[in-house]
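Each chain gets a letter, A, B and so on, in the order the sequences are listed, and its residues count up from 1. Computation of the quantities below employed the complete heavy-atom set of this structure, encompassing side-chain atoms and omitting hydrogens, waters and symmetry-equivalent molecules.
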Amino acid sequence: MLYLYNTLARAKQPFRPLHEGHVGMYVCGPTVYGDAHLGHARPAITFDILFRYLTNIGYKVRYVRNITDVGHLEHDADEGEDKIAKKARLEQLEPMEVVQFFTNRYHHDMEALNVLPPSIEPHASGHIIEQIAFVQKILDKGYAYVSNGSIYMDVERYAQDFPYGKLSGRNLEDIVTDTRELDGQDEKRHSYDFALWKKAAPEHIMHWPAVFRYSDNGEIRELHSEGFPGWHMECSAMGTKYLGEEFDIHGGGMDLMFPHHEAEIAQSCAALGHDTVRYWLHNNMITIAGKKMGKSYNNFITLRQFFSGDHHLLSKAFAPMTIRFFILMAHYRSTVDFSSEALEAAEKGYQRMSEAYARLQKLNPAATSTEEVHAVVAELRTRCTEAMDDDLNTPIVISHLFDSSRVINNLADGKATISAEDLSELRAVWQQFAIDILGLQLDTNGGQQTATGGNTAAFNGAIDLLLGIRLEAKRNKDWATSDRIRNALTDLGFTVKDTKDGFEWSI
RNA sequence: GGUCGGUUGCCCGAGUGGUUAGGGAUCGGUCUGCAAAACCGGGGACAGCAGUUCGAAUCUGCUACCGACCUCCA
């Protein structure tokens, strides 16, 4: 039975989907006005794991992850530029060019991390009509008001009928006293009200025409407003459009809990009269030197910089799988502190796991299993399942895989034997948990890069041939030839390891 | 200031009222023509104080320190 930590309940709860056999899941995606950084990889990977696991245990999952391409205002003020427009002006591009550029790069980075594409990836800009309709519903229900051409959520009115703040554990009084003074709040009745629709200032590039009906002292009026949706609106509109008025899971970063997700709940309850989301899941932040990695601190390192090593805090380039493994070594609800050393440690661990996987593929079965081997194999699947069922405890899954790596290494060393039955179970468990669920791209060559280009087979064959000759030389105690081959290969960047009756190599 | 969370060995990082997390580093050993790898073993921990308990890193209280959110943020 899968248990998930539901932020609404502040507790792990057994996961029971609304419709048997099906799961609807919505996750807040990126705002595409810059390259994805390490922090963006966290929710992408976390919910990729959930997507994979749910699928793996037999659910049909509809996974929706949005692209925010309507730039929200940089400051919650009446005037000012949105983030995408600003980027577009700086780069002298159309806003949609900026959006397309970074969306493409986001996809590329996610693919490198082996993050599966979601079932639906809706763009906010493509759902303006749905968002306008959603705002209209809230107006109709009397939970919103018109002010100077914009429409705001009437949070006080809403709080009379629904518990505002239940997700983040706030109440209205706290928010009243604690909300900071911000500029340009004169249109709002209260500082905690938030925009559902903003009239566009003249210099605002991205805007759409909309007509709303609203009641003004009992008189029905029309509001014609050239503007754009408030920044919480797209998730309410697109989530319910593709997953229904009620669906199972909503995910995102902890920093979105308030105000974004709280506002989403308010919008949905106001429009529909009931809650939309059953399980709210939040991943924790990645920190750097103890501080949250984020745009506002300007302390982020982009995924591309990790892949190229082009950043002063990085000792070298790191493969995408190292990043993925690093993130999976910590539980998703814990902060994980980035450092180059921690990443290097993860890299070596991943290497070790990769090598074990490669050896596993080459093992030969014996008549029976050694006692310890059988004991580990017999328990492995259950243990990994229990770890995943316990709120996606990937570090524990990894630790079990490492335990079984020790067994695999013993087998490869000829220090133990494994029956055909156990061997096929062991391979099946690795396939399921390491490859399918954790999404690690372990390969049969110890995780190292092999030749680039299309001639991998020929290349591998040539190296195998060379090392075969060396093996012969070794058998003839011709150390000169043997060392010559190994040294030459080492100089070319290969690593050669002798095994009991053969060799392993990587580059 | 309010709300919430954290403090685990040299480092990263799980965890639960009593039983080895795991990885990296390090030290010793086995194996090996040499090397690498692998394997075996060692040391090293639960911020501090007090309490509950037969027993607490795990529960409670207090203290200290750190962080997140309250503004765009994954």
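Of the candidate nucleotides B:A14, B:A74, B:C39, B:C39 has the atom nearest to the side chain of A:R352. Counting only heavy atoms from C-beta on, A:K497 has its side chain closest to B:A37 among B:A37, B:C34, B:G67. Of the candidates B:A74, B:C39, B:C70, B:C70 carries the atom nearest the A:P259 side chain, counting heavy atoms from C-beta on. Residue A:R42 places its side chain closer to B:A74 than to any other of B:A37, B:A74, B:C34. Closest to the A:K291 side chain, of the nucleotides B:A38, B:A68, B:C12, is B:A68. With B:C39, B:A21, B:A37 as the candidates, the nucleotide lying closest to the side chain of A:N409 is B:C39. Side chain of A:E355, nearest nucleotide from B:A38, B:C73, B:C70: B:A38. Comparing B:C70, B:C40, B:G23 against the side chain of A:N410 picks out B:C40 as the nearest. For A:K474, whose side chain is taken as the heavy atoms from C-beta onward, the closest listed nucleotide among B:G33, B:G22, B:G24 is B:G33. Among B:G22, B:C73, B:C69, the nucleotide with an atom closest to any side-chain atom of A:L256 is B:C73.
Note on A:I286: a base of the nucleic acid sits closer than 4.0 angstrom, heavy atoms only. Within 4.0 Å (heavy atoms only), A:H400 reaches no atom of the nucleic acid at all. Residue contacts shown for A:M285 include a base, since a base heavy atom lies under 4.0 Å away. Within 4.0 Å of A:K477, counting heavy atoms only, lies no atom of the nucleic acid at all. Nucleic acid contact for A:V496: base, since at least one base atom lies under 4.0 Å from a heavy atom of the residue. Contact annotation for A:M293: base contact, defined as any heavy-atom pair under 4.0 Å involving a base atom. Nucleic acid contact class of A:R486 (heavy atoms, under 4.0 Å, all strands): base. As judged by a 4.0 angstrom heavy-atom cut-off over every strand, A:G290 is placed among residues touching the sugar-phosphate backbone only. The residue A:K348 sits close only to the backbone: its heavy atoms come under 4.0 Å of sugar-phosphate atoms, none of a base. The residue A:N393 sits close only to the backbone: its heavy atoms come under 4.0 Å of sugar-phosphate atoms, none of a base.
Base pairing of B:U19 is not made with any nucleotide, judged by Watson-Crick or G-U wobble geometry with both donor-acceptor distances under 3.5 Å. Nucleotide B:A57 forms no Watson-Crick or G-U wobble pair with any nucleotide shown, as no partner meets the under 3.5 Å limit on both distances. Of the nucleotides present, none pairs with B:A37 by Watson-Crick or G-U wobble criteria with both distances under 3.5 Å. B:A47 and B:U63 make up a base pair, with Watson-Crick or G-U wobble contacts both under 3.5 Å. Summarising the base pairing, B:U3 is matched to B:A68 through a Watson-Crick or G-U wobble pair whose two defining distances lie under 3.5 Å.
Remark: A:K87 fails to qualify as a cation-pi partner of A:F102 under the 6.0 Å distance and 45° angle criteria applied to the six-membered ring. Geometrically, A:R65 does not engage A:F47 in a cation-pi contact defined by less than 6.0 Å to the ring centre and at most 45° from the axis.
B:A14 and B:C70 have their C1' atoms separated by 31 Å, with the value rounded to a whole Å. B:G44 and B:A37 are spaced 26 Å apart, taking the C1' atom of each and rounding to whole Å. A distance of about 24 Å separates the P atoms of B:U8 and B:G1, rounded to the whole Å. For the P atoms, the distance from B:C31 to B:A36 is 15 Å, rounded to whole Å. Spacing between B:C46 and B:U20 at atom C1', rounded to whole Å, works out to 15 Å. With C1' as the reference atom, B:G51 and B:A56 are 12 Å apart, rounded to whole Å. Straight-line distance between the P atoms of B:C27 and B:C62: roughly 46 Å, to the nearest whole Å. Using atom C1' as the reference point in both B:G13 and B:G17, the two lie 22 Å apart (nearest Å).
Counting heavy atoms from C-beta outward, A:L363 and A:R427 have side chains that approach closer than 4.5 Å. A:E504 places a side-chain heavy atom less than 4.5 Å from the side chain of A:R359.
Side-chain atoms of A:E187 and A:Y152 include a donor-acceptor pair closer than 3.5 Å.
Judged by closest nucleotide on RNA chain B, A:S399 is the one of A:S399 and A:N284 placed further toward the 5' end. Nucleotides of RNA chain B nearest to A:S168 and A:F326 differ in position, and the one nearer the 5' end is that of A:S168.
For A:H107 (side chain) and A:N104 (main-chain N/O), no donor-acceptor pair under 3.5 Å exists by modelled atom type. A side-chain donor-acceptor contact under 3.5 Å links A:R324 to the backbone of A:G439.
Following rounding to the nearest Å, A:K415 (NZ) and B:C39 (P) show an atom-to-atom distance of 8 Å. Here the C1' atom of nucleotide B:G23 and the OH atom of A:Y350 are 15 Å apart, to the nearest Å. If you measure from atom CZ of A:R10 to atom C1' of B:G5, you get 9 Å, rounded to the nearest angstrom. B:C72 atom P lies 15 Å from atom NZ of A:K295, rounded to whole Å. The nearest whole Å value for the distance from the CG atom in A:D403 to the C1' atom in B:G23 is 11 Å. Rounded to an integer number of Å, the gap from A:F503 CZ to B:U32 C1' is 17 Å. A straight line from CG of A:N299 to P of B:A74 spans 12 Å, rounded to a whole angstrom. A:D337 has its CG atom 15 Å from the C1' atom of B:U8, to the nearest Å.
Using a cutoff of 4.0 Å between basic side-chain nitrogens and carboxylate oxygens, A:D48 and A:R52 are scored as salt-bridged.
The nearest pair of heavy atoms linking A:Q267 to A:H232 is NE2-O, 3.1 Å.
In this structure, A:W479 forms an aromatic stack with the base of B:G33, since both conditions hold: centre separation below 5.5 Å and plane angle below 30°.
Listed pair A:R406 / B:C40 meets the phosphate criterion, a side-chain N or O lying under 4.0 Å from OP1 or OP2.
Remark: the A:S482 side chain and the B:G33 base include a donor-acceptor N/O pair separated by less than 3.5 Å.
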